[in-house]
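Residue numbers begin at 1 in each chain, while the letters A, B, ... track the order of the sequences.
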Protein chains: 2
Amino acid sequence: MTPIRARSTVVEAIRPPEPCVACEARVCSVCNALHPSDLDRLSAVATSFGVESGRTFIEEGALAEFFFNVTAGTAKLFKLLPDGRRQITGFASVGTFLGLAVSTTYSFGAEALEPMRICRFQRARMRDLLDEFPVLERKLLEVAAAELVAAQEQMLLLGRKTARERLASFLVARAASLCPLPDCNNRRPRNQQRVPLPMTRGDIADYLGLTIETVSRTLTRFRAEGMIDIPNASEIVIQAREALESLATGLR
Amino acid sequence: MTPIRARSTVVEAIRPPEPCVACEARVCSVCNALHPSDLDRLSAVATSFGVESGRTFIEEGALAEFFFNVTAGTAKLFKLLPDGRRQITGFASVGTFLGLAVSTTYSFGAEALEPMRICRFQRARMRDLLDEFPVLERKLLEVAAAELVAAQEQMLLLGRKTARERLASFLVARAASLCPLPDCNNRRPRNQQRVPLPMTRGDIADYLGLTIETVSRTLTRFRAEGMIDIPNASEIVIQAREALESLATGLR
DNA sequence: CGGGTGCCTTGACCCAGATCAATCCGCCCG
DNA sequence: CGGGCGGATTGATCTGGGTCAAGGCACCCG
């Protein structure tokens, strides 16, 4: 309700937030590094707020005042060229920690794909918290290292993979991210796995360095080849995971 | 002289190394985070060794036993697809810290472009060191965050920039990396700046997601347009930095 | 000093994916 | 129920950069 900053990207701010101990997103976020008994220290510096779908809540180049932690929903992270060309560098979903910038300004923008709930920390206060809990800093380093590995993988995709390989990689990665646990119920059939795509074809294109048309055509062709099913535009069903996986890894 | 591991990628190993206090690379590396009086702790776990030009000293997929710190020379870091397609994810020069992998295996390979000297730390021992010196861990987090920002910039390049924009970005970035200091002597003329290119055209191509031929043609065209000079294949001279910079940022 | 080897450059041609241009489809709203 | 709207799909065509193919050039080594 009450916008916090001049450039209102915030829809609704609640303070105090639901306490961190009760946070459902905690298990899959950096906050999990803290001992439950220390969570009230975290709650003390966190502010939770909602973001409506389509809203930009991080502006590339703006003063980087906060760190963020996604507790619900999905966002796209992107960089822009002056003429409007866009590269989506990743999608942030529940548990994602955002804002690990070096500079004083954000090096990327973020826009909600779905209604979101986000936890926000003042950078300065976060610094204190890191001093207090080295285990949290270690966790952040782990997360950063993992993202770096993912970023390098994406460079390989963008620099050297064909359109078919890019789409296959994307679908396989999406499917895998649904269920990091080996025997999640969604994974049981392994094939027939339903993969939600909360982003538009345009977003997928901007993530994979392609055009909307190529994304659409390639998906249509995957369907014709029996590798996927497309019950509706925002969901695909994997029909031949092996085939997709070997395409994704460039095995032809 | 004495190869250390089975798969000998190491040319020469010296133990004890030149002590860290005397290391010329320290000022531009993470080791600088430590107080000089603590450097002997670092020396105690470090091993320095030389790598000859062309030698692969990190094998993608191999067990990640070490962290590395480059103290002299330059390496290319790359990922491969099964059919040999290659993406160079970065170049590591003096001060670069390598091996921030999450997994137990390296997610990229590294090959020396020039004769190198490298400092090596057992991962397990490094862990102890990080526990002992949180300031070192903080420094690593900073470095990782900076690399993440650079990786996102590279994704924008690979996904959305034209060949000309890619080469312009590359040359401008190389020129800037020569001299992080604002008034380094090399920078004085700002134009006429000599930029060494220790990598081959093939390496540049694999870094920018292009082919050798496109790299060569584009550089030739830059020369014809008066933006650069090419005294020899492994060096260019920037003649019109403004023009290159606006090309690099996509301003047409 | 000559021949070889590994880049690098240049030219001719080709093609994967971009661009341009209609539809189409699902969904919302009056 | 109809019409408008924002994606998504599909078709036709174009093109930037890839591929294939000759040389060229620098450097090394015998």
[X] and [Y]: side-chain donor and acceptor closer than 3.5 Å?
X: A:Glu114; Y: A:Ser53; result: no
X: B:Thr89; Y: B:Lys79; result: no
X: A:Ser48; Y: A:Arg117; result: yes

**Prompt:** Ignoring hydrogens and geometry, is there a side-chain-to-backbone donor-acceptor pair from B:Asp203 to B:Thr200 under 3.5 Å?
**Reply:**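 Pair found, side chain donor or acceptor close to backbone of B:Thr200.
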**Message:** Any side-chain to backbone donor/acceptor pair from B:Lys161 onto B:Ala248? Under 3.5 Å, distance only.
**Reply:**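 Looks like yes, one N/O pair under 3.5 Å.
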**Asked** In terms of ring plane angle, is the pair B:Phe68 and B:Phe57 parallel, tilted or perpendicular, where the classes change at 30° and 60°?
**Response**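 Taking B:Phe57 first and then B:Phe68, their aromatic rings stand perpendicular (interplane angle over 60°).
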**Asked** Taking side chain as C-beta onward, heavy atoms only, is A:Phe170 less than 4.5 Å from A:Leu208?
**Response**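 They are in side-chain contact.
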**Item:** Within-4.5 Å side-chain heavy-atom neighbours: A:Glu235 and A:Arg194
**Value:**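 Touching, per the 4.5 Å side-chain cut-off.
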**Request:** Please report the closest heavy-atom contact between A:Pro198 and A:Arg174, naming both atoms and the distance.
**Result:**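 It is CD-NH1, 4.2 Å.
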**Nearest non-hydrogen partners of A:Leu210 and A:Ala163, listed with the distance** =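 Of all heavy-atom pairs spanning A:Leu210 and A:Ala163, the closest is CD2-CB, 4.0 Å.
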**Asked** Distance from A:Arg164 atom CZ to A:Leu219 atom CG, nearest 0.5 Å?
**Response**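 Going from the CZ atom of A:Arg164 to the CG atom of A:Leu219 covers 11.0 Å.
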**Asked** Which parts of residues 73-92 of chain A get close to DNA chain C, meaning a heavy atom less than 4.0 angstrom away?
**Response**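 Heavy-atom contacts with DNA chain C come from no residue of residues 73-92 of chain A; none.
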**Request:** Measure the angle between the two terminal helix axes of the helix from C:dC1-D:dG30 to C:dG30-D:dC1, five base pairs each, and quote it to 10°.
**Result:**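 Comparing the first five pairs with the last five, the axes sit 30° apart.
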**Prompt:** What about A:Phe91 and A:Tyr207, are their ring centers closer than 6.0 Å?
**Reply:**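 For A:Phe91 and A:Tyr207, the ring centres are under 6.0 Å apart.
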**Request:** Could you check A:Leu156, A:Leu158, A:Thr162 and say which one makes a side-chain contact (heavy atoms from CB on, under 4.5 Å) with A:Arg160?
**Result:**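 Considering A:Leu156, A:Leu158, A:Thr162, a side-chain contact (heavy atoms from CB on, under 4.5 Å) with A:Arg160 is found only for A:Leu156.
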**Pairs touching residues 208-223 of chain A that satisfy salt bridge (Lys or Arg N to Asp or Glu O under 4.0 Å), sequence neighbours left out** =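 Sorted pair list: A:Arg221-A:Glu225.
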**Message:** Can you give me the first and the last nucleotide of DNA chain D (5' to 3') that has an atom within less than 4.0 angstrom of a non-hydrogen atom in chain B?
**Reply:**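 Contacts span D:dG17 to D:dC20, reading 5' to 3'.
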For nucleotides 26-28 of chain C, list the nitrogen or oxygen atoms of the protein found under 3.5 Å from its nitrogen or oxygen atoms, one pair per line.
none

**Message:** Quick one, A:Glu165 with B:Arg85, criterion salt bridge (Lys or Arg N to Asp or Glu O under 4.0 Å). Give me CA distance, side-chain angles, the key distance, then yes/no.
**Reply:** CA-CA 13 Å; A:Glu165 289 166 349; B:Arg85 279 174 287 172; 2.8 Å; yes
**Separation of C:dC7 C1' from B:Leu197 CG (nearest whole Å)** =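 In whole Å, C:dC7 C1' and B:Leu197 CG are 14 Å from each other.
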**Request:** Sugar-phosphate means primed atoms, P, OP1 and OP2; the rest is base. With that split, encode nucleotides 8-13 of chain C 5' to 3' as B, S or - using protein heavy atoms under 4.0 Å.
**Result:** SBBBB-
